[in-house]
Amino acid sequence: MDELAALRLQIIWGADEILLPEPQNRRAAKAAAAEPVAVKLKPPPLASVLPAGPAEAVKIADGCASLEDLAAALRDFSGCALRDTATHLVFADGAADARVMVIGDAPGAEEDRTGKPFAGPAGQLLDKMLASIGLNRGNVRLANIVPWRPPGDRPPTEAEIAVCLPFLFRHIVLLKPDCLLLLGTVATKSMLHMQHGHAGIGQLRGKWYSIEIAGAVAPFACLVTYHPAYLLRMPAAKRDSWHDLLALRDRLGDENSAP
Ligand code: URA
């Protein structure tokens, strides 16, 4: 793990209070823990079986045999009006063999301009957060619920989400990550298939969930946390977010240490 990055993050986040009652040597704790990582998972409080989505999108997405095919299929897909107002498709960034897939809501202005997810200020904070637990764009995958910027940065509608989700599901099935990190309300409620008005992100964060996606051999473990854009507006939430990152690091074990 990059100790310097962790220290830098603490300074950026204004780490001036005690988060845990006792100092913790997490490396020693990990070395002592001989049981497989999966055993450390708490039983999922919610198990979602995701609905497939609109038939045409499902058919196209499920016909893709590789991530390259999937990106090309999305580029040609005309079933979502967001494409008409966006400059670029924002498909993904990061490794094609990542153990962690980070899922945000929708591209913003900078992402639309560059074609890369998390290219703006929230992305810069996300990079620092990931670095603090030994992750970076070389060993994680980044994508969004919808791959085109909604006009005026409004939240994507339920119809837009429904038509884009089959492509994201296929992305996950082809990538086969060990776990998903869901950032914020839109990603969480879309992926856990929850209705609006259900529990808020403050109640959902910091817990592991299990989702089943058609075509995948096993369910995927998902951790929910705050969106970095929210953390930029609400710095007090960074403390909880740090706990969530530690839970992700514990889940991954030492293998995720950055080269
Ligand atoms: N916010 C997101 O959720 N995704 C991005 O790509 C950028 C900002």
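All values below come from the heavy atoms of this structure, side chains included, with hydrogens, waters and symmetry mates left out. Computed from a predicted model, the values in this text were never measured in an experiment. Order of appearance sets the numbers: ligands from 1, and atoms from 1 within every ligand.
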Next item on the list: Answer yes or no: is there a side-chain heavy-atom contact under 4.5 Å between L180 and P177?
Entry: yes
Notebook entry, point to check: Is any side-chain heavy atom of T188 closer than 4.5 Å to a side-chain heavy atom of T185?
Noted result: no
Under 3.5 Å donor-acceptor pairs involving side-chain atoms of residues 213-230, not counting sequence neighbours:
from : atom 1 : to   : atom 2 : distance (Å)
T225 : OG1    : D244 : OD2    : 2.6
H227 : ND1    : A229 : N      : 2.9

Margin query: If you take the centroid of each ring, where Trp contributes its six-membered ring, are F167 and F91 closer together than 6.0 Å?
Written below: no
I'd like a table of donor-acceptor pairs (distance under 3.5 Å, sequence neighbours excluded) in which one partner is a side-chain atom from residues 147-155, with atom names and distances.
from : atom 1 : to   : atom 2 : distance (Å)
R149 : NE     : D153 : OD1    : 2.8
R149 : NH2    : D153 : OD1    : 3.4
R149 : NH2    : D153 : OD2    : 3.1
R154 : NH1    : E160 : OE1    : 3.0
R154 : NH2    : E160 : OE2    : 2.8

Next item on the list: Identify, with sequence neighbours excluded, every residue that meets side chain to side chain contact (heavy atoms under 4.5 Å, CB included) alongside S78.
Entry: none
Tabulation required: pairs of a nitrogen or oxygen in ligand 1 and a protein nitrogen or oxygen under 3.5 Å; columns are atom names and distance to 0.1 Å; otherwise 'none'.
from     : atom 1 : to   : atom 2 : distance (Å)
ligand 1 : 1 (N)  : H227 : NE2    : 3.3
ligand 1 : 3 (O)  : D105 : N      : 2.8
ligand 1 : 3 (O)  : D105 : OD1    : 2.8
ligand 1 : 3 (O)  : N144 : OD1    : 3.3
ligand 1 : 3 (O)  : H227 : NE2    : 2.7
ligand 1 : 4 (N)  : A106 : O      : 3.2
ligand 1 : 4 (N)  : N144 : OD1    : 2.7
ligand 1 : 4 (N)  : N144 : ND2    : 3.4
ligand 1 : 6 (O)  : F118 : N      : 2.8
ligand 1 : 6 (O)  : N144 : ND2    : 2.9

